S.K.: 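Here it is: the structure, laid out below.
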Amino acid sequence: MTEVIKSNLFLLTLTIAIYCGGQALYRATRTTLFHPVLLTFLLMIGYLKITGIEYLQYREATSILDFLLGMSVVSLGYLMYEQSEHIRGNAIAILTATLTGCIVGVGSVVGIAAAMGASHEILVSIAPKSVTVPIAVSISEPLGGIVSITSVVVFLTGIFGSLIGSWVLDRTGVKQPQARGLALGSAAHGVGTARAIELGAIEGALSGIAIALMGAISAIVIPLAEKLF
């Protein structure tokens with residue numbers, strides 16, 4: 001038992017150390033490959049493969065990080081409260097923007113994959129790509145999706161959106177903070193929201209709202225679309 005505890009503690013410490021190192025490198029270089037989430041993801045996969053450690057053990061060792069992630073999402077509520085003047089009176093616009101983001105996001109990825117001959121199993125696995133992993137898995141698994149594929153696709157979507165989201169918004173002339181926040185939260189969930197917070201308090205607050213709305217809307221839209229089509 002003591003060896004297991006030591007091993008779990010080492011895995012947790014290693015994960016945090018790699019993330020912190022990646023964060024420092026990313027801030028210093030702004031190099032995509034040093035994005036802390038991406039760097040941690042790749043290096044920990046490599047370490048687990050080399051050492052033969054099972055994923056279930058790693059998940060158990062880092063379960064506290066899942067708990068803290070939940071706490072961090074709750075803390076977004078305070079950020080929303082601080083920026084309530086930018087939210088009040090815009091409920092219809094926010095809901096419409098998020099609903100549109102959900103429909104376009106799901107429709108585009110499913111449409112492209114279907115045109116390339118992907119199976120139903122793959123389609124339902126990738127459909128909830130723009131919501132957080134717990135919600136995405138709870139959507140795809142009952143529909144026959146593959147949980148591991150869903151998790152990886154959600155992760156890659158978040159990283160991709162975080163890295164190029166603000167660049168795309170700049171190039172397309174989207175300057176309004178509310179619109180930028182909603183776009184990042186709707187397209188890239190938690191990782192996109194972390195980027196939105198870097199851009200500004202308004203962007204972060206609206207991105208946090210988008211995360212919650214995308215989860216709720218996707219849980220309705222995706223199963224309904226799966227039954228209809």
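Note that the structure is a prediction, hence the values are computed from the model and not measured. Position 1 is the first residue of the sequence; numbering continues from there.
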S.K.: Would you please name every residue forming a side chain to side chain contact (heavy atoms under 4.5 Å, CB included) with V106, sequence neighbours left out?
M.R.: C102, V110, A127, I222

S.K.: Spell out, yes or no, whether I45 and V152 are grouped together once hydrophobic residues are joined by side-chain heavy atoms under 4.5 Å, including indirect joins.
M.R.: yes

S.K.: Can you find a pair of side-chain heavy atoms, one from L199 and one from S166, that are under 4.5 Å apart?
M.R.: yes

S.K.: Among pairs that include at least one residue of residues 126-149, which meet ring pair (Phe, Tyr, Trp, His ring centres under 6.0 Å), considering only residues two or more places apart or in two chains?
M.R.: none

S.K.: Could you list all the side-chain hydrogen bond (donor to acceptor under 3.5 Å, both in side chains) pairs where at least one residue sits in residues 94-111, not counting sequence neighbours?
M.R.: none

S.K.: Hey, is the main chain of Y26 close enough, under 3.5 Å, to the side chain of H35 for a donor-acceptor pair?
M.R.: no

S.K.: To the nearest 0.5 Å, tell me how far L224 CG sits from E226 CD.
M.R.: 10.0 Å

S.K.: Taking all non-hydrogen atoms of both residues, which atom of V154 and which atom of H189 are closest, and how far apart?
M.R.: O-NE2, 2.8 Å

S.K.: Salt bridge (Lys or Arg N to Asp or Glu O under 4.0 Å) with E121: which residues, sequence neighbours excluded?
M.R.: none

S.K.: Compare all side-chain heavy atoms of S119 with those of L123 and state whether any distance is below 4.5 angstrom.
M.R.: no

S.K.: For residues 137-148, which side-chain donor-acceptor pairs fall under 3.5 Å, sequence neighbours excluded?
M.R.:
| from | atom 1 | to | atom 2 | distance (Å) |
| --- | --- | --- | --- | --- |
| S138 | OG | P134 | O | 3.3 |
| S138 | OG | I135 | O | 2.7 |
| S140 | OG | A136 | O | 3.3 |
| S140 | OG | T150 | OG1 | 2.9 |

S.K.: Which value, rounded to the nearest 0.5 Å, describes the distance between L184 atom CG and L206 atom CG?
M.R.: 10.5 Å

S.K.: Of the non-hydrogen atoms in S162 and A188, which two are nearest, and what is the gap between them?
M.R.: N-CB, 4.2 Å

S.K.: Test of understanding: clusters of I, L, V, M, F, W, Y form through side-chain heavy atoms closer than 4.5 Å, transitively. Do I18 and F10 belong to the same one?
M.R.: yes

S.K.: Partners of A17 by side chain to side chain contact (heavy atoms under 4.5 Å, CB included), sequence neighbours excluded?
M.R.: none

S.K.: Please, which pairs that meet ring pair (Phe, Tyr, Trp, His ring centres under 6.0 Å) have at least one residue in residues 114-169, sequence neighbours excluded?
M.R.: F41-F155

S.K.: Give a yes or no on whether V131 and I103 share a hydrophobic cluster (residues Ile, Leu, Val, Met, Phe, Trp, Tyr; joining criterion: side-chain heavy atoms under 4.5 Å apart).
M.R.: no

S.K.: Give the minimum heavy-atom separation between G204 and I197, together with the two atoms involved.
M.R.: CA-CG1, 3.7 Å

S.K.: My understanding is that a hydrophobic cluster links ILVMFWY residues whose side chain heavy atoms are under 4.5 Å apart, including indirect links. Using that, what else belongs to the cluster containing M116?
M.R.: I112

S.K.: Can you find a heavy atom in the side chain of I64 that is under 4.5 Å from one in the side chain of L12?
M.R.: yes

S.K.: Which heavy atom of T40 sits nearest to which heavy atom of P36, and what is that distance?
M.R.: OG1-O, 2.7 Å

S.K.: Consider only side-chain heavy atoms of I, L, V, M, F, W and Y, link residues closer than 4.5 Å, and tell whether I159 and Y19 are in one cluster.
M.R.: yes

S.K.: Determine, using the 4.5 Å side-chain heavy-atom cutoff (strictly less than), whether L213 and V191 are members of one ILVMFWY cluster.
M.R.: no

S.K.: Please tabulate, one pair per line, all N/O donor-acceptor pairs under 3.5 Å involving side-chain atoms of residues 49-63, not counting sequence neighbours.
M.R.:
| from | atom 1 | to | atom 2 | distance (Å) |
| --- | --- | --- | --- | --- |
| T51 | OG1 | Y47 | O | 2.8 |
| Q57 | NE2 | S7 | OG | 2.9 |
| Y58 | OH | T15 | OG1 | 3.0 |
| T62 | OG1 | Y58 | O | 2.8 |
| S63 | OG | E60 | O | 3.0 |

S.K.: Taking all heavy atoms of S186 and all of M214, pick out the closest pair and write down the distance.
M.R.: O-CE, 3.2 Å

S.K.: Enumerate the salt bridge (charged side-chain N to carboxylate O under 4.0 Å, His left out) contacts for residues 197-215, please, sequence neighbours excluded, ordered by first and then second residue.
M.R.: R195-E198

S.K.: Please output the side-chain donor-acceptor pairs of residues 168-176 that fall under 3.5 Å, not counting sequence neighbours, one pair per line with the distance.
M.R.:
| from | atom 1 | to | atom 2 | distance (Å) |
| --- | --- | --- | --- | --- |
| D170 | OD1 | R180 | NH1 | 3.0 |
| D170 | OD1 | R180 | NH2 | 3.2 |
| T172 | OG1 | V168 | O | 2.8 |
| T172 | OG1 | L169 | O | 3.3 |

S.K.: Taking ring-ring contact (aromatic ring centres under 6.0 Å, His included) as the test, write out the residues that go with F34, two or more places apart.
M.R.: none

S.K.: Between L14 and L43, is a side chain to side chain contact (heavy atoms under 4.5 Å, CB included) present by the stated rule, with each step listed?
M.R.: CA-CA 10 Å; L14 181 62; L43 290 181; over 6 Å; no

S.K.: Identify the two heavy atoms, one from K129 and one from G105, that lie closest to each other, and give their separation to 0.1 Å.
M.R.: CE-O, 3.4 Å

